[in-house]
Each structure stands twice: as C-alpha cells, then as structure tokens.
Amino acid sequence: MNEKYDYTAIEKKWQKYWDEHNTFRAGTDYSKPKFYALVEFPYPSGQGLHIGHPRPYTAMDIVSRKRRLEGYNVLFPMGWDAFGLPTENYAIKNKIHPAIVTEKNIAHFKEQLKMLGLSFDWEREVNTTDPDYYKWTQWIFLQMFKKGLAYKKEMAVNWCTSCKVVLANEEVVGGCCERCGGEVVRKVKSQWMLKITEYAQRLLDDLSEVNYLDKIKSTQVNWIGRSTGAEVDFTSTAGDILTVYTTRPDTLFGATYMVIAPEHPYIEKWADKLENLDEIKEYQEKAARKSDFDRTEMNKEKSGVMLKGVRGINPVNGKEIPIFISDYVLMSYGTGAIMAVPAHDERDHDFAELFNLPIIEVVKGKGDIDVQKEAFTDCATGVLVNSDFLNGLSVEDAKVKIKEWLEENGKGKSKVNFKLRDWVFSRQRYWGEPIPIVHCDKCGYVAVPESELPLTLPDVESYMPTDNGESPLATLDSFINTTCPHCGGPAKRETDTMPQWAGSSWYFLRYCDPKNENELASKEALDYWMPVDWYNGGMEHTTLHLLYSRFWHKFLNDIDVTTTKEPYMKRTSHGMILGEDGQKMSKSRGNVINPDDVVRDYGADTLRLYEMFIGDFEKTAPWSPSSIKGCKRFLDRVWSLQDNIIDGSEYRSQLAASFHKTIKKVSEDIESLKFNTAIAAMMSLLNEITAEGSVNRAEFRTLLILLNPFAPHMTEEMFESNFGEILNEQEWVKYDESLCVENTVEIVVQVNGKIKSRMTVSVDGNKDEILEAAMKDEKVSEAISGKSVIKQIYVPNKLVNFVAK
RNA sequence: GCCGCAGUGGUGGAAUAGGCAGACACAAGGGACUUAAAAUCCCUCGGUAGCAAUAUCGUGCCGGUUCAAGUCCGGCCUGCGGCACCA
C-alpha cells in the first residue's frame, strides 16, 4: 500500500515546511515556562561539517523537540565562532579577504546543518565577526577596562624564530612551531591582560550552585588550583626582605637554602653586591632562551647558580642560608621565591643533591624513611622534630602554630594562592576584534568612546603578521594615527586584536536578543531566558572556554547587565566520533566520513538515529559503516507498519505494559543523555508489535511521537498521512506508573546462590506461598535433599534463594 | 608525578539502593523466497564437555565482605583524557 520510504523527498519537504512555518522559532510570550538549550557554536572551517558535529547537535535537538511537545517555550539557537587562525592562514595563502572566506564557509555549514533537520531558531543566528556583534564584544572589554580589569603588562609570548611570528599556545606543538617546525622561544612583549584572578575564588565557590558533570567540575577546580599556605619574610644579608610563599610553613626549621626565579627583580637590586654577576647573567639568559616546553619537559634535571655575596636569614632561627637562582622556581606563581626544604620536598631534594646542600629532617614519619636519600612528603602521618617549639606536633597543628608565630612576630602571614593566571588577551593577528584602546603620550591608555563602536577592522594589503611580531594592523598608518578622545592630541590605536575566546565568552547572551542595537541584549530578554538550562559541548572546552565565559558572565552580573551569578545551570559533554579504525578522523589517515555522503545514502533521520545509538553519549565511539544499516533497517520497519494499521483507541492489553514502560524509559533516558538505551527500548517495542502482526492507531500514534525527536522528518510524514495532523503540534506522550508492570513476573529460584529453577508468580505475591511452592520444585528439592535449609532469602518480584548445608 | 574516566562475547554496547551477565544492534553461519542477486523473513550465535536434557567456567589481575559481587572494600595491571617543577 505505501510506497518505499523516499527519505530524500520527505526530508526536503519537512525542512521546507518548518522553515516556512517558523516551527522552531522561540516565542516572546514570557509568561510561558522557558527552556534554553545551548550547543557550542562551530568554527566554520573550510572543510565543512565534520561527522562529529551532529552528535551533540542532535542530542540537544532531541531534548529541545521533546521540551516543545511538553509545552515549553524553547530557545535552541545556533551561530558562528568565525574569527580565527585557519581562516586567516587561508586568506594569507590565497590572498582572499578573510571576511569573504568566512561568509562562504558559513553558507556551506548552514546548508549542511539544515540538511540534518536540526530545530534551530535561525532567526537568532549570531556571527562573532559581524561588526554588529563584535561591537558588544568591544563594549564589554571597555567596561572591564573602566573597572581596571583590563591592563597592559610585559609578558613572555611564544615566538617562532623561523616565521618570526608570535604564536598562540595552541600553535606550539612539542616546543616547535606547528606550521614550519621551527624553534619556538619566549619573547617579552607588552600584552593586554584580563584580571580573571580577581574572580578566582568566586569561580571556585559558585561551582556548588551548578549542575555540571563531576569530571567537568574537577577540571575547573584543578585549573583554578587553589592552595593555602603562608608568606614568610626572610631577611637578606643585603638588608632587605625577601618574601617566599610556602604551603608547608611547618617545615620552616628545615629550610637549608632559598631559590628565586631567574627573572626575580632582586638580582638587579643586588647587582653591585653579587660577586658572580656574570655567571648569574649567563644563567638568566639561558633560562630566557629556553621555551616553556624545555622548562617543563626537562623536569628532572635541575640547574641553578648560587648567589655569592648575598645570603638569606631564616626568621625562625636566625640561620644564614645560601640563595640560588633556578628555573624550577617560576616568577609567575607566589612571590617568585621559595624556601627550600629538601627533606620534605622532592624538587628541593633533587636540587640539594645536585649542589650538596644540607638536608635537615623536621618531620618524622612512622616508617624508616631516610630523608638523606628521599624526601618525606606525607602530611597525614608525620610528627615535627628538630623544630624547637613545634616539636611533637602533627603537621596540621604545626601549620597553625607557626602561622600564629609568624603573625605575632611580624615575619609573615597566612596566604591563599591560585594557579590560575590572568588571561593574556592580545593577539598579534588580523582576523580578530580590534581592541578599542588608543595610546596617548600625555594621557596613557584611553578607551575609544562607546559612541564610536564598533571599531571595525580596516582592510589591509597583507594579512601576514609583520617581521617584528606586530599585528598586520600596525602597518596601516591611517588606522593607527588618531586623536586622543581625552585631550584631543595625537594618539595611536592599539593594533593587537582579541583572541578567539572573546566572542564565545558571551554569545549565549546575544541569542536572547540578537538584533538589539542599543544593548547587548535587553534586560527583559535576559531575565527571561538566562541562565542557560542545559549546555552541552566538548570536553576540550571544559577548562578555558567554560572558565572564560563564566568570568565574563560574573563581571556582567557585577555591572548589572545580567541577573544570575552563573551562565549555565547544567553542563554535559559528548565523546568524539572516531574513524572506523578507532583512530581520530584525519585526511592523512584516510578514515574521514563525510556527513553529506551519509545523508545521501541513508538520509538524515538514519544519520541522527545512528549517532545517538552508536554508544554511550559521553564516550568516544568508532564509526561503523555496517552498524548504521541496522538503524536504517529499524526506520524501514517502522515505515512499513503503515501497511497494517488496525482500529483501536487504546493500547491492546497484551502490549499496554510495554507501551507504558517504553514511554517511561524513553522520557527518562532523553533527560539523562542515554539515547542509546532509549533507542534500544523503542526497537524492543517494535519487535513486540511486529510479533503481534499489526499495530493499532493508538499504539502507532504513541510510537511516532516517541520517535519524533530522533527521526523528525519520517515521523512527521507518517503522522500527517495517517492522522492528518502536524506532529509538532501534538503533546508529548504520558505514561502511568501503575500500568508499567505486568500482572505476573518470572522469578528465579536459587540454592546456595546457583539458579536451579524459575517460576512465574503474581506480582507482589504472598511470600510464604511462593517460598513453599519454590521448595516443592523438583530441581530445588533435588538440590537440597539430604541437607538442611538454614536460611531463606526472598526478594519480591526478583528471586528466592535457599541456603542449604 | 597528580587529577579524572574506563577495562564485559568476533564488534558497538546493555545491566547501579548488590539479586537471571551479555538487553538492543552489528558481523558471522544456516534456511526460506528468487532464474539469480539485492532487499526481506525465519533459526543459531561467550568458552568447555555432551546427540541432548544438562553440567561447568566466565565481566583486566590477586585477595576480602556477603546467602548472592560486573556492581561494595583493599592491593595491583593496562588503556584513554586533562594538568604538570604551582613551592
């Protein structure tokens, strides 16, 4: 009766229908309950959509479609994170303006996304490279600048010695330039910084208010890296105070030397007292030449130089100890100086061995650890020794007592430190948001007036960064030279641009009100839509992007733009899709699957279903060209149910419990990202229906609604032709908990934990009767004959177990 | 080194208040239909022994708790992801 399932025609038909009817447009009726579903907006690369993209998009599409049927006003938007290096590099190579490349790539991406039947509200599309968008990115930067959160600082950057170009950290692979393989060294440049460290404690604390996966929370906690300890003031023989940071102030009596970072300013200060300044200078230069890679990779091999002429004095016992410079101490953490306790720190121990420095045990462990050979670092079990008034105390108690002593004697104080560092916000690149600042010799750094935003990217001849590492904008005199907004005198524009992270740090706010010309979004829209109810994205973005956007959102909350502390209520992550060979897909491996081909050969519904069925949503999964056939087969079998529909306004009794159970399972599994088992449940249901030989109208209707979020085109088509209505205007199906159970249940009868028999009993049947019946079972009585039953275990509706001896 | 996650058939994976291991698929083998192929439908499908009923072993390894362990506890091994001289 029905034609073969022509997915190409059906999918086109419904995509057109949804477009024309604005089916998925988010409503402006703010009295309805809202649901804001967010997926990470893609970078529109020249390669087009990757087969991995549909996985998270389909997942949130399923949630969104279900929520619409449940009556929510759903916001499910999409946009483009379009600034970035690949486009710029392509532009350099092919001498095409990056804006043109971007436009072309976006058109291609959009076409591919539409082909998948994703229910995005395309009216709210945003594009980070659109001046109407980045106007507000610049505006946010200016607000931060006004609050003192954006500042300029001399910073070491990655410098490729062969391309003569500044590289982003991501472009440095194994200490070499990703593009040319040349050596990368550190070079000091003046950079714009954002003071994310000022928000470190709040970024940590407020994690308790959001529902992120534990692993996501823990990477955030790790990255922020809070530690508690003390700052201790050592005096130097030069007469000044050298402050160190330590998390083990209890070991102060064991400090036998000090180490300062090679960049420590005291070297200069002490220059005329240092007898081996040449040797020290040489070491400093060597350290500066080392890339970050070398400095961290050679982590076993310590090196350093002792300062001759200046020594430190331990405040607790007045002992004079030597001071070294070494690159294992970082200028960017703590105070750039440490007290070294080789007996109780592995790094200090290595260093002490190298330089033959004394090792004094001040914490005694339970075992026979010889601190001359190995550092003893366990805080839980140690007891203080050789430490005067701390002797006999536990590590924890000693920490408290020494901190009190330091404060009473003015020699130090408790201190909390974070690993998190301020955000290097400048890039010496063309394809990014211009930083809206001018420099005036008289007034310093001055904000571009808000009325002049957006400060648009000017056209340049070449997008190549310049030889001295400046942005291509630095070659444009007409752009650079301007007047100071403050005094009217001559001034120069900032030529660095913002990093790609900028545009993505607030895009979820713009979706709430994307066409607003007067504000980044209206207060009313933000109040209604924010926070994002559910944000899904890749694990690779769970540190930086998540942290940066939480930081911006908190700042915007502080200046009353938004009303919530946190931007995202819930954050989940999906796994990557690998090639058939289990390797990451790449052109060089030849294992790339193109979504266009899959849609052509199987249809979008099958692709969607397969990507949800492929495995645990949160784990990586290899693509399997044969498994996808099983999903197509399932859809074909659902399609052919149309050949045999019988009347009926209720589920038939033999199927009723299965229907209620499946509705429950699918409804719950969608909410907990277990799409694979939701699909398996529908497959099982179909197997039961098929065994009956027919489906009735009530059953068929329920099946179509359940399947709709997964395979929206096909189910719409079948709904229209069989029920004459639009599926998207229906309600999500309901289940009755009490009808999920059958009248009878099969239970297992065990003897000593081994299954001997099975029996069918009525649900919640009488315990004694069941035990008695089980005991009489032939197999059971055989197994217990000659033994005495010492225990009977009865688990209702599950099993009976006799323990016999 | 630290943090997190995982290890189950030929394959992807099911199974969590501890209670039938292998749901649902894929692949493979056999059969039906067909001139044939594709498609579709039916059967088998963890190992070992057996014609079979059945027995027995089996969730990375070793031990423990329990009537009962993939699941809980202790100790390892392996793989993946992230961070990494952060004092």
Side-chain angles (χ1 to χ4, degrees), chain A residues 4 213-219 221-223 225-227 229-230 244-249 251 255 258-259 261 295-302 326-330 332-341 344-348 350-351 377 417-421 539-540 542-543 573 575-576 580 582 610 613-616 618-631 633-634 636-637 640 674 676-687 690 746-755 757-758 779 789-805:
Chain A
K4 197 171 163 285
L213 295 176
D214 283 345
K215 62 177 173 180
I216 295 175
K217 272 192 190 176
S218 75
T219 56
V221 171
N222 251 314
W223 192 265
R226 185 181 193 269
S227 77
V244 303
Y245 174 70
T246 177
T247 55
R248 293 293 305 275
T251 63
M258 300 176 79
V259 188
R295 259 180 98 153
T296 56
E297 215 39 36
M298 295 158 58
N299 58 13
K300 290 250 162 65
E301 287 175 40
K302 297 279 185 291
S326 172
D327 61 9
Y328 86 90
V329 172
L330 310 173
S332 50
Y333 185 77
T335 61
I338 63 160
M339 64 175 208
V341 185
H344 305 292
D345 183 283
E346 279 168 31
R347 295 152 303 179
D348 296 346
D350 290 346
F351 193 86
T377 57
N417 260 325
F418 297 92
K419 284 189 198 173
L420 184 68
R421 291 172 206 181
M539 267 316 274
E540 69 273 23
T542 51
T543 43
S573 266
M576 238 190 327
E580 213 182 318
Y610 174 58
F613 189 60
I614 194 166
D616 184 334
E618 292 176 43
K619 291 193 193 126
T620 56
W623 183 265
S624 163
S626 55
S627 280
I628 192 171
K629 286 183 192 156
C631 291
R633 216 170 276 161
F634 169 67
D636 285 344
R637 287 176 62 208
S640 60
K674 294 164 99 179
N676 52 339
T677 48
I679 293 166
M682 288 188 280
M683 286 175 167
S684 295
L685 183 64
L686 177 65
N687 289 343
T690 310
E746 190 183 64
I747 65 167
V748 166
V749 184
Q750 300 178 331
V751 175
N752 290 334
K754 303 226 172 199
I755 299 161
S757 183
R758 288 158 211 280
K779 290 266 167 50
V789 174
I790 56 172
K791 201 169 177 182
Q792 299 181 344
I793 289 128
Y794 172 67
V795 183
N797 305 325
K798 287 261 165 72
L799 60 72
V800 171
N801 187 16
F802 296 112
V803 184
K805 254 189 181 168

* To do: Measure from the side-chain N and O atoms of A/Asn752 to the backbone N and O of A/Ala804, and report whether any donor-acceptor pair falls under 3.5 Å.
  => yes
* Asked: Got a second to check how far A/Asp616's CG is from A/Asn676's CG, nearest 0.5 Å?
  -> 6.5 Å
* Asked: Would you say A/Glu746 has more than 12 foreign heavy atoms packed within less than 6.0 Å of its CD?
  -> yes
* May I ask you to verify whether the side chain of A/Lys302 and the base of B/rC85 hold a donor-acceptor pair under 3.5 Å? => yes
* Assign A/Leu799 to base, sugar-phosphate, or nothing according to its heavy-atom contacts below 4.0 angstrom with the strands shown. => base
* Separation between the P atoms of B/rA6 and B/rA55, rounded to whole Å -> 36 Å
* Asked: Base, sugar-phosphate, or nothing for A/Gly630, non-hydrogen atoms under 4.0 angstrom?
  -> sugar-phosphate
* Can you say whether the rings of A/Tyr328 and A/Phe351 are parallel (under 30°), tilted (30 to 60°) or perpendicular (over 60°)? -> tilted
* Asked: For the side chain of A/Asn417 and the backbone of A/Ser227, is there at least one donor-acceptor N/O pair under 3.5 Å apart?
  -> no
* To do: Using a cut-off of strictly less than 4.0 Å, decide whether A/Lys619 has a side-chain nitrogen or oxygen near OP1 or OP2 of B/rG4.
  => no
* To do: Could you please name the partner base of B/rU16, counting Watson-Crick and G-U wobble pairs only when both distances are under 3.5 Å?
  => none
* Structure fact -> On RNA chain B, more 5' by nearest nucleotide between A/Ile628 and A/Asp214 is A/Asp214
* Could you work out the separation of B/rA23 and B/rG12 based on their P atoms and round it to a whole Å? => 15 Å
* To do: Determine the Euclidean distance between corresponding C1' atoms of B/rA69 and B/rG60; express it in Å to zero decimal places.
  => 16 Å
* Pick the C1' atom in B/rA39 and in B/rG4, then give their distance to the nearest Å. => 47 Å
* Can you tell me if the side-chain N/O atoms of A/Tyr333 get under 4.0 Å from OP1 or OP2 in B/rA87? -> yes
* Asked: Using a cut-off of less than 4.0 Å, is there contact between a side-chain N or O of A/Asn222 and OP1 or OP2 of B/rG82?
  -> no
* Got a donor-acceptor contact below 3.5 angstrom from the A/Tyr610 side chain to the A/Ser624 backbone? -> yes
* Asked: P atom, B/rA38 versus B/rC5: distance in rounded Å?
  -> 48 Å
* Answer with base, sugar-phosphate or nothing: what part of the nucleic acid does A/Lys419 contact at a heavy-atom distance below 4.0 Å? => base
* Distance test, side-chain N/O of A/Arg633 to OP1/OP2 of B/rC26, below 4.0 Å -> yes
* Structure fact -> Considering only heavy side-chain atoms of A/Tyr328, the closest of B/rC85, B/rA87, B/rC26 is B/rC85
* Please determine, for B/rG29, whether a Watson-Crick or G-U wobble partner exists with both distances under 3.5 Å, and give it or none. => B/rC43
* Touch check for A/Ile614, heavy atoms < 4.0 angstrom, all strands: base, sugar-phosphate only, or nothing? -> sugar-phosphate
* Would you indicate what A/Ser332 reaches in the nucleic acid, counting non-hydrogen atoms under 4.0 angstrom: base, sugar-phosphate, or nothing? => nothing
* So what does A/Lys674 hit on the nucleic acid, given a heavy-atom distance under 4.0 Å: a base, only sugar-phosphate, or nothing? -> sugar-phosphate
* To do: May I ask you to say what A/Asp616 touches in the nucleic acid, namely base, sugar-phosphate or nothing, with a heavy-atom cut-off under 4.0 Å?
  => sugar-phosphate
* Below 4.0 Å: OP1/OP2 of B/rC5 and any side-chain N or O of A/Lys215 -> no
* To do: Remember a base hit wins even if backbone is also touched, and classify A/Gln750 as base, sugar-phosphate or nothing at under 4.0 Å, heavy atoms.
  => base
* If you round to the nearest 0.5 Å, how far is CH2 of A/Trp223 from CZ of A/Arg421? -> 9.0 Å
* At under 4.0 Å between heavy atoms, what does A/Arg758 touch on the DNA or RNA strands: base, sugar-phosphate, or nothing? -> base
* Take atom P in B/rA68 and the same atom in B/rG79, then report the distance between them in whole Å. => 35 Å
* If the C1' atom of B/rG70 is compared with that of B/rC61, how far apart are they to the nearest Å? -> 15 Å
* To do: Quick one: label A/Asn687 by what it contacts on the DNA or RNA (base, sugar-phosphate, nothing), any heavy atom closer than 4.0 Å.
  => sugar-phosphate
* Asked: When the nearest nucleotide of RNA chain B is assigned to A/Arg248 and to A/Asn801 on a heavy-atom basis, which residue is associated with the more 5' position?
  -> A/Asn801
* To do: Report which part of the nucleic acid A/Met539 touches: base, sugar-phosphate, or nothing (heavy-atom distance under 4.0 Å, all strands).
  => nothing
* NA contact type, A/Phe802, heavy-atom cut-off 4.0 Å: base, sugar-phosphate, or nothing? -> nothing
* To do: Tell me which nucleotide among B/rC24, B/rA21, B/rA87 gets nearest to the side chain of A/Thr246.
  => B/rA87
* To do: Have a look at A/Thr219 and say if it touches a base, only the backbone sugar-phosphate, or nothing, with a 4.0 Å heavy-atom cut-off.
  => nothing
* In Watson-Crick or G-U wobble terms, both distances under 3.5 Å, what is the partner of B/rC5? -> B/rG79
* Asked: Which part of the nucleic acid, if any, lies within contact of A/Thr620, taking any heavy atom under 4.0 Å across all strands shown: a base, the sugar-phosphate backbone alone, or nothing?
  -> sugar-phosphate
* Asked: With rounding to whole Å, what would you report as the distance between B/rU71 and B/rU65 at their P atoms?
  -> 15 Å
* To do: Give a yes or no on whether the backbone of A/Val341 and the side-chain of A/Asp348 come within a donor-acceptor separation of less than 3.5 Å.
  => yes
* To do: With syn defined as a glycosidic angle within 90° of 0 and anti as everything else, classify B/rG9.
  => syn
* Asked: Within this structure, what is the CE-to-P distance between A/Met683 and B/rG13, rounded to whole angstrom?
  -> 15 Å
* Asked: Can you tell me how far P of B/rU54 sits from CD1 of A/Ile755, to the nearest Å?
  -> 13 Å
* To do: Look at A/Thr677 and B/rC24 and indicate whether a side-chain polar atom (N or O) is within less than 4.0 Å of OP1 or OP2.
  => no
* Structure fact -> Re B/rA49: Watson-Crick or G-U wobble partner, both distances kept under 3.5 Å, found to be B/rU54
